[in-house]
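Computed over heavy atoms, backbone and side chain alike; hydrogens, waters and symmetry mates excluded. Reminder, nothing fancy here: chain letters follow the sequence lines and each chain counts from 1.
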Amino acid sequence: MIWNESKECMSRDELHNLQSARLKKTVNHVYHNVEFYRKKMQQMGLEPGDINGIEDLHKLPFTTKDDLRDNYPFGLFAVPQSQVVRIHASSGTTGKATVVGYTRRDIEIWQECVTRVLAMAGIGPNDKIQVAYGYGLFTGGLGLHYGAENLGATVVPMSTGNTQRLITMMEDFEVTAIACTPSYLLHIIEVLEEAGKIDRVKLKAAICGAEPWTENMRKEIESKLGLNAYDIYGLSEILGPGVAADCDVHNGLHVYEDHFLPEIVNPDTLEPCKEGETGELVITTLTKEALPLLRYRTKDLTSISYDPCPCGRTMARISKFKGRSDDMLIIRGVNVFPSQVEAALLEMGETSPHYIMIVDRVNNLDVLEVQVEVEERFFSDEIKELEKLNKKISSVLQSALGLSVKVTLVEPKTIARSEGKAKRVIDKRKLI
Amino acid sequence: MIKQLSIFIQNEVGSVASITAVLKKHNINLRAIATFDTPQFAILRMIVDQPEKAKTLLIESGFAVTMSDAIAVELEDKPGVLHDVLQLIADAGIGINYIYSIVFRQKNVPLIIINTDNLDKTKQILIEKGYSVPDQEDVYL
């Protein structure tokens, strides 16, 4: 069903007016409450009055993840702390977390967006949904949780980590929907098959996101579980899950344009791309109070279509993601930058900073191996010392990345030094 | 005491040969060699006639190398003699890290290389009990 027909199906003209009004309000809000934006706009000779509608969007400055990091933790917040009711955080590129905040109104809008996604997937008050994203600082768990409660569904807050308990409850509670990463769902399928329980599952919908997945993965999930699987997109800087999701037509993800204004730009020139052309997704928040962002560069590569969708929704659709314009990896739903590994190794100071990350998918679960060169000056004669070093590196990396890491010590100078930018990542995962 | 070289190697086909290649090229003679492996990596330990030179060459060739001390003990060639030495060390409360034996010897007696938690004390108790604990020069001949 369509949860909020008056918004999701509004005419493009009405939407245009709504977006323009909200953009003007947002620009005013950041100009007066966020020093970073005020200074930036002043340097560009720009005043809030210069922005009269979304036609003027291109005049506004871009925002990057670095800007968030440079203003760590709360420098870009536009409201006093007393109005912030929630903080989430994701690991940053060089150790510092990316911190985001929400007012009560922001949380309401977030749950409204997630509710739209769940309703679009045919979920309603008569459904029981297992939320198997991590709960905590990561936006996945709580984001889906609030949206599902708002919808009136019965939420089973599984979080991640105990698949046996998950499948037991799935059967005993007659769970009808699940929200988790697509690779975790593939793993759940395997566990169900091994336990001989796959035929007893009553699931009818799966909401999968937080990592890229392919049409073939969707088909495999759907055929094995006899359900419909939907793609949900989001990023904590903008909201968390619920920025966009796909409908029954499965031809792109509807962006909730009444709250998020999307643009596609060429990541090199930052010039706008034509409709249908692949570029970097840039989002301006239109209703966020605590952390409004102008033209935030998501680094996700996609294209956009404003064509009417057979489902009746008028909101623009972005295509399945085609990659990243930076070197970020998504491993088990966790965002990982190679620079985090480098920073952690350098800080630890007991190994060379020469490393290579090998990402693979074993039994449908992502595994990260980091090969580190043993340097002359840190090499001890004793195996137990080397094993201690190995354990230490893996625990340092685990705490830096929030992800378990297999560390392999390798001989000095065996990791290729390339001219210019070193190749730090081998991604063996086949997203077919 | 004698000088031994320890080299970090990956547990892969050809790893040891890549080290012996360096030694052969520079005419360095091996006296003892042993590997100690884990599933992932190994430490190759060896005693050579020119330890300093070998260390430099191997580092230049890109290996992680350390030089350390070990004890060489001469033993009679008959059953139980190694046990006597090990018992002596155990009774002194000293832990053994590893043992290997020499490839080439001039005298017709086995020569065992031992590394322990406490090399000086080990050497001392062995000498007290009348064992021959040759030094570097004796082994490299």
Side-chain angles (χ1 to χ4, degrees), chain A residues 341 345-346 348-360 362 367-398 404-419 422-424 426 428, chain B residues 1-19 21-22 32-47 51-52 54-71 95-100 113-119:
Chain A
V341 172
L345 293 178
L346 283 169
M348 188 187 146
E350 287 174 43
T351 173
S352 87
H354 298 292
Y355 66 93
I356 194 150
M357 301 165 69
I358 300 170
V359 195
D360 205 349
V362 180
V367 286
L368 171 62
E369 176 188 352
V370 176
Q371 295 190 344
V372 185
E373 284 184 3
V374 170
E375 212 173 62
E376 173 62 30
R377 61 201 163 107
F378 303 119
F379 169 54
S380 134
D381 164 52
E382 297 194 27
I383 286 188
K384 62 187 175 202
E385 290 299 322
L386 284 172
E387 285 185 333
K388 217 186 278 173
L389 177 67
N390 193 322
K391 281 207 185 94
K392 187 169 176 193
I393 297 173
S394 92
S395 85
V396 163
L397 291 179
Q398 179 157 356
S404 66
V405 179
K406 179 192 174 214
V407 171
T408 305
L409 300 174
V410 299
E411 290 166 21
K413 302 192 178 80
T414 48
I415 291 170
R417 311 316 198 235
S418 54
E419 313 270 321
K423 177 147 177 71
R424 292 302 192 195
I426 298 172
K428 295 179 173 172
Chain B
M1 303 276 187
I2 52 165
K3 298 280 177 212
Q4 68 171 358
L5 297 179
S6 303
I7 302 137
F8 176 85
I9 50 176
Q10 279 159 258
N11 214 339
E12 278 178 5
V13 173
S15 291
V16 180
S18 62
I19 291 167
V22 175
I33 185 162
T35 61
F36 300 82
D37 64 305
T38 72
Q40 278 185 13
F41 58 81
I43 295 179
L44 178 73
R45 298 209 175 83
M46 59 190 196
I47 292 169
E52 293 287 355
K55 184 184 174 192
T56 310
L57 288 168
L58 287 167
I59 289 171
E60 281 168 6
S61 306
F63 294 97
V65 186
T66 57
M67 187 148 63
S68 56
D69 288 329
I71 291 175
I96 290 177
N97 293 326
Y98 49 83
I99 299 178
Y100 54 105
I113 310 297
I114 302 178
N115 184 284
T116 66
D117 295 340
N118 188 335
L119 287 176

Would you say the side chain of Q40(B) lies within less than 4.5 Å of the side chain of K406(A), judging by non-hydrogen atoms? yes
- prompt: Should Q10(B) and T408(A) count as side-chain neighbours, where that means a heavy-atom distance under 4.5 Å?
  reply: no
Residues F8(B) and L386(A): closest non-hydrogen pair is CD1-CD1, 3.7 Å
Shortest non-hydrogen pair, A64(B) vs P412(A), comes out as N-CG, 3.4 Å
The interface call for D37(B) against chain A, heavy-atom contacts under 4.5 Å, is backbone
When the 4.5 angstrom heavy-atom criterion is applied to F41(B) and chain A, the contacting part is side chain
Exercise for the section: Kindly determine whether F36(B) and E382(A) satisfy side-chain contact (heavy atoms from CB on, under 4.5 Å), including the steps that lead there. Expected result: CA-CA 10 Å; F36(B) 300 82; E382(A) 297 194 27; over 6 Å; no
Okay, I7(B) and chain A: the region with an atom under 4.5 Å from a heavy atom over there is backbone
(message) Are there over 12 heavy-atom neighbours, none belonging to E387(A), within less than 6.0 Å of that residue's CD?
(response) yes
Okay, T66(B) and chain A: the region with an atom under 4.5 Å from a heavy atom over there is both
Most heavy-atom pairs under 4.5 Å with chain A, out of N11(B), N97(B), N115(B), belong to N97(B)
So CD of E411(A) and OG of S18(B): to nearest 0.5 Å the spacing works out to 6.0 Å
